[in-house]
Amino acid sequence: MHRRKFIGGIGAAAFSTGVLAAGKPASGGACATPQHRSPMELEHLRASVDRGAPNYELWRESMIWQRRKSPRYPGLIVQVDSAEDVAEAVMYARKHRLRVTTRCGGHSASACFLRDGGMLIDVSRLNSIEIDTRAPLFNAGPGAIAREVNARLRQFGLAFPTAHCGMVPLGGFLLGGGLGLNGNAWGLMSTFNILAAQVVTADGRIRHASATENPDLFWSLRGGGPGLYGVVTKLFLKTYELPRAIVHNTITFGFQDLPDVIGALAEIGPKMDSDVELLGYVGPAPAELTAHCANADCRRAVSVDANAYTTNVADSARKLRVLTEHPIMKRAIGKELGSTTTIEALYFDEELGFSQRRWVADNVFTNRARDVATILRDRMTSCPSVDAQAVFLYKGSPKLPAAACSTMGDFYASYYVIWDNPTEDPVMLGYLRDLYKEIVPLGTGSNINEMDQEGRPDQINTCYSPEAWQRLKSLREKWDPHGVFQNFYGIT
Amino acid sequence: MTASRTAPLRCASLTARRVTATLLVALSLCGAAAGSPRPSTPRPISVVKALYAAFDRGDLKTVVSLVAKNVVWIQYGPSRLLPFAGVFHGRSGVAYFFKLVDQNLKDVHAGQREYIVSGNRVIVPGWEDSVVRSTGGHYHVNNVHIFTVVNGKITRFEEYIDNADIAAAFKPASVARGEALFTTCAGCHGDSAQGRPAMHAPNLTGLGSAYLLRELRKFRAGIRGNASDTYGFMMIGRARALPGDRGLRDVAAYIASLPLHQSPPSPLGNPEHGRGLYATHCAACHGAHAEGNPSLGAPPLRQQDEVYMWTQLTHFRSGIRGSNAADTEGKQMAAAVKPLRPRELKDILAFIKSQ
């Protein structure tokens, strides 16, 4: 059975990429003698490339993970190896009035870190991972990548709710909220697993932020994402006991059943244990199932995935019974029940459907998932991308801890348009933007990480509660009175 | 106007060098034959097809016999970027054109997609696949040939070709460009390309740019990395995201410039048991001490992560790697590994890591 190609980690906001073993490059390598232009004050940094440098465009394009390279041009791109490097870069930017943005893996759906002019700081090499097995806690640079984080933690029987895609680093994913693995049991949103952080603020100081130290900065970074007034250089994070097994169920339905399937998930979700990740997925139909499809559009199928993260494999059947005994199961055209999987296998499963191509994404949290599904049933058949995918992740409108991350709903409904040909950009972008004009009114807000910030910059405030949005604005004036850091995309 | 579709005609057997050498000889033969009575005038499309067919089988005598004495041979493009671009007159001009081609290109392949006939002109959309001698740059581009045929002889030839990709292939690999592009590789392979076992990404240092480029090209073409090869599959997207073949060459040059990193051994087998097995099955290509042999395209192994090599050997053994018909070296490895048992492979790896 071909499993879903959920792209949960697709939009890791402004950060992403990198991994372990930070440190200056060894002498003698090409990187020791950079051939790009560099302001003298920053020459000792690993790389600083201004817009006139011969290879500027390669550096700029390398900042963006996907192949659609948004046409915005920072004045200076800086690559750093330490928090001290970040502090120096921020001081330089402050002195020269360059407004700062930050990237890590560049997975942001909108490349929101790319602005015209200013300084882009690449923190992908801040990627160390240190595990305190007694606590158990760990700290990691923003560039630590999901796959390595869980591979390392696994050695100690631990796990962390990274993005679903194993290639997404922690930084942008966590700072923008983060819909992570086993999210409803592991912190609601992954950002709430941040216990503290090291942050370089607008004055160039390296500060510690936690619930007790600089608490308003701590409040900001748990969800403030690309609108944060500082550069996070280290994260102190909670861990969870590694599940003994992840029991995986996939049930496939015909595309026309989409509204009824999502309606069924709305009934099932509240009865499901929180450690069962429940989601509906719409994507290209597995070839072996197209024979069962009697609908006009046989190219797509709907699947329900239920992943039980359990320490008791025998108990998983009970956990999943609320799904397997629901009447919607009578309409299933394919079933894979009770197989066990691993976090590593889940990563690869997501990545199969998510290679480096051109893409754009958008999302809403919604309490009207069935209505959103009805729109998709009617509109998805005209999507110009055959590889488009949609996800309905059950969240159940939990009450969130106090933090900038403040938008929620019963479901997280996201849509990903994926294609190859640059000349199709306007058609693909146009389709998604028209679609979300219909979907947004059904939402309670959006998640900043996978929001189409380029397409609807005037609605970025809907990624936050009105109170949180106002507080972010006030705290920005406190922490960054001179505007060293760029504001959210679209806000000058 | 008529149009016909033919299977691409490969010129694999005919290198540019052979074209030139034979052409120069054939020109004199043609000159001797000039003025011979012609029983009938062939149709233009027949002349053009005959020319391609002659190319395909390396029959330069026929190629030259099909070109008029006063032929005008035009390769469009800026000569400052393309050394063989320009207007060439007569058979000597055509010979000079092929000489320039030979000086600059190797492994020249070409094919024709269809033949469009308009009066005495034949228009042929096709493709060309070549390697630039000076840079190793590879290109595969579309082209259009326009032939004018008068009295059974080609009097005019024009070639329109995707010059941008060819010009890129003439650019030498740049370490500085590769440094920028390596940003997209460091996440898995490490900031110094030292490899990251937890990411299942091998140590890339010490492998040399030729080997790195060869494997990157395989990933980009989908020759290596099928869906059963979990982490190899992921490399397809990464290789395709690099900007063209030039980007592959740049990043390979950068990685090759980095200091050698020795990945620590993992205790998989017994090095003494592996010594003889290595000498019998591996040393001929990879060297007596697993130092590699660039002339055979065999990479050094002793610096590589042992678990990564074990994974690759099991993939060769199971056919996950080395089963693609175009993966020449992979097929060799698959054949070499086949007679060896898993225990023996682990002992060989232990020997390699002891070197």
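No experiment lies behind these values; they were computed from the predicted model shown. Protein chains get the first letters and strands the later ones, always in sequence-line order, with residue 1 at the start of each.
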Take atom NE2 in B:H261; do more than 12 heavy atoms of anything else shown fall under 6.0 Å from it? yes
Answer yes or no: is there an ion pair linking [X] with [Y], defined by an N-O contact shorter than 4.0 Å?
{"X": "A:R358", "Y": "A:D425", "answer": "yes"}
{"X": "B:R224", "Y": "B:D327", "answer": "no"}
{"X": "B:E215", "Y": "B:R220", "answer": "no"}

Do any of residues 300-324 of chain B have a heavy atom less than 4.5 Å from a heavy atom of chain A, and if so, which, in residue order? none
Counting only heavy atoms closer than 4.5 Å, note whether [X] contacts chain B via side chain, backbone, both or neither.
{"X": "A:R147", "answer": "both"}
{"X": "A:E344", "answer": "side chain"}
{"X": "A:Q79", "answer": "side chain"}

pair B:F170-B:N104: side-chain heavy atoms closer than 4.5 Å: yes
A:F138 and A:E130, any side-chain heavy atoms less than 4.5 Å apart: no
So, is the end of the B:R240 side chain (NZ or CZ) under 6.0 Å from the ring centre of B:F219 and within 45° of the ring's axis? no
What is the ring orientation for B:F233 with A:F348, classed by angle as parallel under 30°, tilted 30 to 60°, or perpendicular over 60°? perpendicular
I'd like to verify something: which residue of B:P243, B:G247, B:A241 has the highest number of heavy-atom pairs under 4.5 Å with chain A? B:A241
